[in-house]
Amino acid sequence: MRDRGMVKWAPYKSLIEQEDFMGNMRKARKKIEKPKNCEDKAEYINNLLINYHGQEVTITIYNDGVLEKISGTITEMNTTYKYLVVNGNRYYLNNIVDIVD
């Protein structure tokens, strides 16, 4: 008789929904709270946006518990609705954590 090794200890997926549920639980555990920007950081971001002249920037965005880094050029700044358009995607200013030029 041959030993199956570690295969016999592999978890058993009894339900299809179980895999989705476990994946969602793993994602939920990795989520973080939105970092707070201090006054200095907010002033730095504001000055960078005021003096922006088409250079490449890297923006850190908080999106549903995850921090994402986006690199590109800002093609549109809308102060009425408070968003930026980078690489064709809209990012709201209240979700911006950091901008580096």
* To do: Applying side-chain contact (heavy atoms from CB on, under 4.5 Å), run through D98 and K41 and close with a yes or a no.
  => CA-CA 8 Å; D98 192 18; K41 179 62 91 173; 3.0 Å; yes
* Asked: When you measure from the side chain of T75 to the backbone N and O of V85, does any donor-acceptor pair fall under 3.5 Å?
  -> yes
* Asked: Closest heavy-atom contact between L49 and M77?
  ->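 Looks like O-CE, 3.6 Å.
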* Inter-residue atom distance E43.CD - I45.CD1, 0.5 Å rounding ->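 Nearest 0.5 Å value for the CD-CD1 distance: 11.0 Å.
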* Asked: Above 12 or not: heavy atoms from other molecules or residues under 6.0 Å from NZ of K34?
  -> yes
* Quick one: OG1 on T60 to CG on N95, what's the gap to the nearest 0.5 Å? ->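 Nearest 0.5 Å value for the OG1-CG distance: 12.5 Å.
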* **Gap between atom CG of N78 and atom OH of Y92 - 0.5 Å precision** => 9.0 Å
* Nearest atoms (heavy-atom pairs only) where Y83 meets R90 ->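 So the minimum-distance heavy-atom pair works out to CD1-CG, 3.4 Å.
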* **Separation of Y91 OH from L84 CG (nearest 0.5 Å)** => 10.0 Å
* **Backbone N/O of E33 and side chain of Y62: donor-acceptor pair under 3.5 Å** => no
* **Considering all heavy atoms, the nearest Y52-I74 contact** => OH-N, 2.9 Å
* Return yes if some donor-acceptor pair links the side-chain N/O of N87 with the main-chain N/O of S71 below 3.5 Å, else return no. =>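 Yes, because the side chain of N87 sits within donor-acceptor range (under 3.5 Å) of the backbone of S71.
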* Determine whether L48 and I61 fall in the same hydrophobic cluster, where Ile, Leu, Val, Met, Phe, Trp and Tyr are linked whenever their side-chain heavy atoms lie under 4.5 Å apart. =>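 Yes; I61 is reachable from L48 via cluster members.
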* To do: Tell me, yes or no, whether the heavy-atom count around E39 atom CD, taken from other residues, nucleotides or ligands under 6.0 Å, exceeds 12.
  =>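 Counting other residues, nucleotides and ligands, CD of E39 stays at 12 neighbours or fewer.
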* Asked: Which heavy-atom pair separates V97 from P35 by the least distance, and what is that distance?
  ->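 Heavy atoms only, the tightest pair is CG1-CG, 4.1 Å.
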* Indicate yes or no: at least one non-hydrogen side-chain atom of D40 is less than 4.5 angstrom from one of Y44. => no
* What distance do N51 atom CG and H53 atom NE2 have between them, rounded to the nearest 0.5 Å? ->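 N51 atom CG to H53 atom NE2 measures 5.5 Å (nearest 0.5 Å).
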* Would a 4.5 Å heavy-atom cut-off, applied to side chains only, mark K31 and D64 as touching? ->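 The answer is yes, as the side chains (C-beta and beyond) meet within the 4.5 Å cut-off.
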* **Nearest-0.5 Å distance that lies between atom CD1 in I96 and atom CD1 in I70** =>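 Between I96 CD1 and I70 CD1, I get 9.0 Å after rounding to 0.5 Å.
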